[in-house]
2 protein chains.
Amino acid sequence: MKSVTVYDIAKEANVSVATVSRVLNNTAPVKKETRERVKELIDKYQFQPNALARSLIKKETGMIGIILPDITNPFFPEVLSGFDQEARKKGYTYFLCDTVSANADDAEQYVRESQYLNVLAEKQVDGIVMLGGRIDLAKPGKELVEEVVDVGKRLPVLLINGRIPGAGLPAVASDERFGAELATTHLIELGHRKIALVGGYRHMSNTVQRTAGFTKTMERYGLEVRKEWLLHDGFSVDSGTAFMDRLLRLPDRPTAVFCLNDLVAIGVLKAAVKAGLKVPQDMSIIGYDDIPFASYSIPELTTVSLRAHDLGRTAAEILHKMITKSKVPKTTLIKPELVIRESTGAPAPH
Amino acid sequence: MKSVTVYDIAKEANVSVATVSRVLNNTAPVKKETRERVKELIDKYQFQPNALARSLIKKETGMIGIILPDITNPFFPEVLSGFDQEARKKGYTYFLCDTVSANADDAEQYVRESQYLNVLAEKQVDGIVMLGGRIDLAKPGKELVEEVVDVGKRLPVLLINGRIPGAGLPAVASDERFGAELATTHLIELGHRKIALVGGYRHMSNTVQRTAGFTKTMERYGLEVRKEWLLHDGFSVDSGTAFMDRLLRLPDRPTAVFCLNDLVAIGVLKAAVKAGLKVPQDMSIIGYDDIPFASYSIPELTTVSLRAHDLGRTAAEILHKMITKSKVPKTTLIKPELVIRESTGAPAPH
DNA sequence: ATGAAAGCGCTAACAA
DNA sequence: TTGTTAGCGCTTTCAT
């Protein structure tokens with residue numbers, strides 16, 4: 001079934017396509033009478049202008065691409081909801097580009113990112129926001145960087161919580177060191193002296209930054225950062241239980257553990273409970289991210305909120321400015337917040 | 001900065017645009033030598049063909065729209081990941097259209113759905129899949145139905161877990177009654193006789209179907225369905241704790257509660273623990289959906305898996321068939337599965 | 001206030 | 001094997 005076009009409307013209304021276009025876009029005065037005639041036809045045929053044709057000439061599509069690693073990781077929907085809220089308000093529609101790979105193969109993930117970067121450019125999106133993946137790397141490879149920089153030259157590209165060394169790409173980022181300081185200070189002020197840090201990946205910049213914030217704070221208070229209490233390479237629940245099991249087997253245990261994300265904290269919590277420990281009486285646990293589940297667990301998780309929603313919302317705001325060629329700050333920092341719930345408390349006196 | 005077009009490539013390669021198009025799409029034989037010359041230029045300029053122009057003439061965009069209520073509800077990312085996997089394999093990119101409204105206003109949500117339906121049609125998506133929202137209604141209003149039916153006439157529209165009465169729109173759906181039977185039977189076989197059903201909304205078809213499955217099973221076993229143990233109107237964690245608080249105040253308490261989704265089950269669990277009950281010894285709790293959190297809680301939640309990932313994957317498969325004009329079944333039913341974990345057990349003998 | 005006509009960047013007959 | 005040309009459906013000068 002053929003779809004109706006401006007020509008069909010124009011012909012039946014005895015006007016030119018230009019006029020139809022004018023009433024469609026309110027782009028020039030049209031005689032009231034003619035306008036109504038045209039509007040009636042539009043209604044009658046449920047005419048929907050072809051956005052492709054329009055975009056082809058106007059050089060703007062109202063489409064955005066958002067590239068992220070894995071929508072089933074509860075952190076991302078939170079960011080997305082903020083992004084959605086603002087983007088919708090500005091009239092954008094967006095492609096969700098999930099780069100997760102079945103076998104958790106990083107290389108494959110980067111390939112996906114590259115593919116999406118291309119597809120999005122071909123589809124003529126007005127802008128792209130990236131989060132996770134290669135931009136989380138502490139030191140990304142040469143080609144990975146170059147690709148993004150190249151795309152960034154052709155259209156607005158904004159980074160959330162990541163960076164591409166050398167490229168002048170604008171970014172919205174969480175103040176990672178500050179967040180880690182928040183968590184560490186909280187534990188210390190509660191009276192903890194023996195604090196473990198678990199989770200994250202050493203090749204990821206968030207991990208190195210949070211670890212730095214932790215270490216710095218410990219040192220500031222003259223506390224020792226013990227090698228055997230520093231367990232990296234894992235962001236999942238399972239890795240969390242594994243970390244805790246390791247910690248539990250140690251002759252000298254920490255009294256508190258700072259987990260580099262909430263998923264790990266959940267795993268740590270599960271392992272602690274299974275081992276018969278009471279949280280927070282026997283062991284304090286603090287997470288990072290403040291995913292929704294953090295407030296669902298028993299006990300509810302104390303954590304550091306990344307303010308994911310704000311991150312997303314801000315990103316949409318800034319990307320819009322980039323698209324409309326307004327000036328934007330190189331980096332917009334979002335301050336994390338400490339969210340004290342039930343999983344942290346004073347250490348048991350002994 | 002002007003982008004390069006087929007003309008630029010053609011001119012510099014001393015060929016016609018047709019030839020460039022041919023090497024781009026492998027749509028006709030091109031002399032090896034010419035092909036390479038063209039390819040080199042494409043590479044040199046990092047030429048990316050304009051998908052808008054291509055789609056305008058080919059009448060296919062490789063774009064799909066997916067309309068859903070709220071990406072922060074953990075059920076949807078799960079569906080989406082399955083959908084993504086299959087859609088990507090087939091070469092589609094998709095718009096994520098979240099219709100959540102800040103103030104949880106249903107009417108506003110339906111307005112959003114309508115807007116997206118229009119926008120997607122204008123953007124010439126190859127197909128649309130809807131889940132949640134109006135299609136979850138037990139009896140949706142006339143205009144809500146009509147709109148979808150109209151769009152369905154113009155392009156492929158597929159429903160996940162919902163229906164539009166009267167419209168012959170294909171659907172992929174979970175067998176809700178079966179799922180409820182699964183849960184109820186599990187509880188009964190464990191020895192429970194006094195079972196509560198909480199959660200859901202009476203105006204939603206999933207709720208009426210699950211409730212029907214529950215009631216039918218209870219009757220089959222000659223068990224009584226008590227009015228005061230039937231608590232509806234809520235799908236959130238908070239509503240779950242409220243439901244449980246109500247139940248706990250009753251002189252005659254149930255020994256098990258069947259929650260119409262996992263979020264409610266989490267709330268119920270929290271309230272039970274807070275009240276000093278041991279789960280499952282003092283109270284069995286079973287959820288519905290099997291969101292990731294279900295296996296994170298302590299104790300881990302027994303639940304009914306909707307097989308969200310499969311739902312999404314199947315939807316993408318079927319939508320693709322619709323787009324390519326293959327025959328598709330009117331309704332594809334996905335059988336839920338019982339997932340036994342730790343929150344259900346035999347009732348305490350008294 | 002309105003119309004004619006020239007594209008936007010690409011594909012696909014149709015010729016050669 | 002390659003080129004010419006006519007659109008796809010719309011917006012937008014430039015006339016009138």
Side-chain angles (χ1 to χ4, degrees), chain A residues 1-39 41-42 45-63 118-119 121-126 154-155, chain B residues 1-39 41-42 45-63 118-119 121-126 154-155:
Chain A
M1 123 186 183
K2 320 199 35 337
S3 48
V4 356
T5 74
V6 279
Y7 282 95
D8 303 321
I9 302 289
K11 194 191 297 175
E12 190 160 341
N14 278 312
V15 295
S16 74
V17 291
T19 301
V20 176
S21 175
R22 284 178 191 119
V23 346
L24 234 32
N25 304 292
N26 258 307
T27 186
V30 175
K31 210 206 299 176
K32 190 160 190 169
E33 192 180 304
T34 357
R35 181 206 308 288
E36 306 217 312
R37 193 148 30 97
V38 171
K39 280 203 164 164
L41 271 333
I42 288 177
Y45 291 110
Q46 305 233 54
F47 169 65
Q48 296 177 305
N50 185 324
L52 296 177
R54 168 180 294 165
S55 295
L56 187 54
I57 174 160
K58 300 202 60 166
K59 268 129 179 43
E60 64 178 49
T61 56
M63 309 187 307
N118 271 308
V119 170
E122 294 187 358
K123 296 228 193 289
Q124 313 294 121
V125 295
D126 291 337
R154 295 161 183 255
L155 52 95
Chain B
M1 124 184 181
K2 306 200 43 351
S3 50
V4 356
T5 73
V6 279
Y7 283 94
D8 302 320
I9 302 290
K11 194 191 297 176
E12 188 160 342
N14 277 314
V15 295
S16 73
V17 289
T19 302
V20 175
S21 175
R22 284 177 191 120
V23 344
L24 233 31
N25 305 291
N26 257 306
T27 187
V30 175
K31 210 208 296 178
K32 189 160 191 167
E33 193 178 303
T34 353
R35 179 203 314 287
E36 306 216 310
R37 191 148 31 96
V38 172
K39 280 202 163 161
L41 270 332
I42 287 177
Y45 291 109
Q46 305 233 57
F47 169 65
Q48 297 178 306
N50 184 322
L52 296 177
R54 171 180 292 166
S55 295
L56 187 55
I57 172 159
K58 300 202 60 167
K59 269 130 180 39
E60 62 179 51
T61 55
M63 309 188 307
N118 269 309
V119 171
E122 292 187 359
K123 296 226 191 292
Q124 313 297 119
V125 296
D126 292 337
R154 295 160 183 257
L155 53 94

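Note on naming: letters A, B, ... go to the chains in the order of the sequence lines (proteins, then strands), and numbering restarts at 1 for each one.
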Contact summary for [X] and [Y], nearest pair of heavy atoms:
X	Y	value
K123(A)	M63(A)	O-CE, 3.1 Å
T5(B)	D8(B)	N-OD2, 2.7 Å
E12(B)	Y45(B)	OE1-OH, 2.6 Å

Quick check on [N]: is either OP1 or OP2 less than 4.0 Å from any side-chain nitrogen or oxygen of [X]?
X	N	result
T19(A)	dG3(C)	yes
K59(B)	dG9(D)	yes
T5(B)	dC8(C)	no
S21(A)	dT11(D)	yes
N50(A)	dC8(D)	no

Could you tell me the separation between the [atom1] atom of [X] and the [atom2] atom of [N], rounded to a whole number of Å?
X	N	atom1	atom2	answer
K58(B)	dC10(C)	NZ	P	14 Å
D8(B)	dC8(C)	CG	P	11 Å
N25(B)	dT2(D)	CG	P	16 Å
N26(A)	dT11(D)	CG	P	12 Å
L24(B)	dG9(C)	CG	C1'	11 Å
E36(A)	dT2(C)	CD	P	12 Å
I42(A)	dG9(D)	CD1	P	16 Å
K32(B)	dT2(D)	NZ	C1'	19 Å

Does [X] reach a base, just sugar-phosphate, or nothing at all? Heavy atoms under 4.0 Å.
X	answer
V20(B)	nothing
N14(A)	sugar-phosphate
T34(A)	sugar-phosphate

Minimum-distance nucleotide (side-chain atoms of R54(B) versus dC10(C), dA12(C), dT2(D)) =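 It is dC10(C).
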Between V23(B) and V15(B), does a side chain to side chain contact (heavy atoms under 4.5 Å, CB included) hold up when you go through it step by step?
-> CA-CA 11 Å; V23(B) 344; V15(B) 295; over 6 Å; no
Qualifying residue for side-chain contact (heavy atoms from CB on, under 4.5 Å) with F47(A), from L41(A), V38(A), I9(A) =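 Of the listed residues L41(A), V38(A), I9(A), the side-chain contact (heavy atoms from CB on, under 4.5 Å) partner of F47(A) is I9(A).
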Residue pairs fulfilling side-chain hydrogen bond (donor to acceptor under 3.5 Å, both in side chains) with at least one residue in residues 48-60 of chain A, sequence neighbours excluded |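 Listed once each, the pairs are N25(A)-R54(A), Q48(A)-N118(B).
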Closest-nucleotide ordering on DNA chain D, the 5'-leading residue of Q48(A) and R22(B) =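 Mapping each residue to its closest nucleotide by heavy atoms, the 5'-most match is R22(B).
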Side chains of L52(B) and Q124(B) in contact at under 4.5 Å (non-hydrogen atoms) |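 A side-chain contact is absent here, since even the closest heavy-atom pair is not under 4.5 Å.
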Do I42(B) and L24(B) have side-chain heavy atoms sitting under 4.5 Å apart?
->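 Sidechains of L24(B) and I42(B): in contact.
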Bend angle of the helix from dA1(C)-dT16(D) to dA16(C)-dT1(D) from five-pair axes at both ends, rounded to 10°?
->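 Axis angle across the helix from dA1(C)-dT16(D) to dA16(C)-dT1(D), nearest 10°: 40°.
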Take I57(B) and K31(A), find for each the nucleotide of DNA chain C with the closest heavy atom, and name the residue whose nucleotide sits nearer the 5' end.
->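 Its nearest nucleotide lies further toward 5', so the answer is K31(A).
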